2 protein chains.
Amino acid sequence: MTGGYLKGRIRREDIIAAAVAVYAEAGYHGSSLREIAKRAGITHAGLLYYFPTKEALLAAVLERRDAENVERERLAIPPGLDFLRHMLALAAHNVRHRGMVDLYSRLAAEAVAPSHPAHDYFARHYAVAREHAELSFRAVAEAGGLRAGVDPAQAGLCFVALMDGLQVQWLTGPERVDLVAAMRFYLEGVLTVPLE
Amino acid sequence: MTGGYLKGRIRREDIIAAAVAVYAEAGYHGSSLREIAKRAGITHAGLLYYFPTKEALLAAVLERRDAENVERERLAIPPGLDFLRHMLALAAHNVRHRGMVDLYSRLAAEAVAPSHPAHDYFARHYAVAREHAELSFRAVAEAGGLRAGVDPAQAGLCFVALMDGLQVQWLTGPERVDLVAAMRFYLEGVLTVPLE
DNA sequence: CCTACCGATCGGTAGG
DNA sequence: CCTACCGATCGGTAGG
């Protein structure tokens, strides 16, 4: 007699997982509720019982991405050298989980349009990422670990931008780009302390 | 009695210009021949008289982008410090021509899928860009202008990736990102010679 | 959750 | 170059 709610939550998770896969392949505008529903094993009308519109499903996907990141990526990590190290580990993790990188890169490019339903999400995401990176470089600088003359704000902006740009090149030709080595190259050029 | 061919060429240019604008706003998959045709002042069937399929129009757009770049960007510039300076000038140019940056960023992200009709174009584009940047840093190194221990290959890859990543952040919030200053920051951190 | 349906839009073709 | 059309697909709703 119990379990009704549980089943619903599992269904929701199935649908979200299917949406992540399809968004990654086709982008948001390019994907259809029917294709997502099929992969989740229901009809598209059934999907709309759980998520009333196409946009509501996108919102749920972005929410779950954040929830995962808060748990695993731990923005809770205080800004500083450890955070930069952690981003390197995240890059290594991403290389083994192409789906999430695909999703992120496709949606970020689509969402530059202010009318895109994920625009505000990415504007906020970038602001937070830049801020956290800048504070990290600033903390490292105060500990004497930053090369002379390096501006923490610029270093933070470039760190975030580099990660994004490398991901697109890596997705385009995975065998041609060593994402983690390139990130390490950048950090080693800016820091005066060892990374590990 | 003359001019028939000329008129056709002008029409083609109108259609391509309209396609650039629509691709930039909606991506390739997200744009329709009807919308592009409307902006060019004809019907979608009329457009198909000039470009027989949706893919043929995309190919024409990419070809024109290359033609423009060969002329203005001059990959003819030999690898070296002048090429890096030129990329800075190109970044400054891009900031005043958002449409081309939009088009490029949207298509690049879409085209990471090997099945995308522009995939090979971007794979080649990235390979050429990395190669040219690497050779530039190598030339600078031989003239003693590269900081000790900097690998030209990594510096080239990161230079190209940084440009792409900055463009997406700049498109998402133009008032929050100074694209040219960030590029300059990166170059000044890697080079030991002044940029201007 | 499904069946059945709606109006809108898509790329492409026929025929002129 | 246009009118007129095709089959396919879209997001969403009704009604159960």
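Numbered from 1 within each chain, the chains take letters A, B, ... in sequence-line order. Computed from a predicted model, the values in this text were never measured in an experiment.
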Per-pair distances, 0.1 Å, donor-acceptor, side chain in residues 138-150 of chain A, under 3.5 Å, sequence neighbours excluded:
residue, atom, partner, partner atom, Å
A:R138, NH2, A:E134, OE2, 2.6
A:R147, NH1, A:G189, O, 2.4

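If you take CD of B:E35 and P of C:dT9, they are 11 Å apart, rounded to a whole angstrom. A straight line from CG of A:L47 to P of C:dT3 spans 15 Å, rounded to a whole angstrom.
Figure legend. C:dA8 is base-paired to D:dT9; pairs are counted as Watson-Crick or G-U wobble with both atom distances under 3.5 Å. If you check D:dG15 for Watson-Crick or wobble pairing at under 3.5 angstrom, you find it paired to C:dC2.
Residues A:D164 and A:Y104 bring a donor and an acceptor atom of their side chains to less than 3.5 Å of each other. Using modelled atom types, one finds no donor on one side chain facing an acceptor on the other under 3.5 Å when comparing B:Y50 with B:D14. No side-chain donor from either of B:Y23 and B:H29 sits under 3.5 Å from a side-chain acceptor of the other. When only modelled atom types and interatomic distance are considered, B:Q154 and A:R184 share no side-chain donor-acceptor pair under 3.5 Å.
With a 4.5 Å cut-off on side-chain heavy atoms, A:F122 and B:V168 do not count as touching.
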Open item on the list: Can you build the contact string for nucleotides 11-16 of chain D? Use B for base contact, S for sugar-phosphate-only contact, and - for no protein heavy atom under 4.0 Å.
Closed with: BBB---
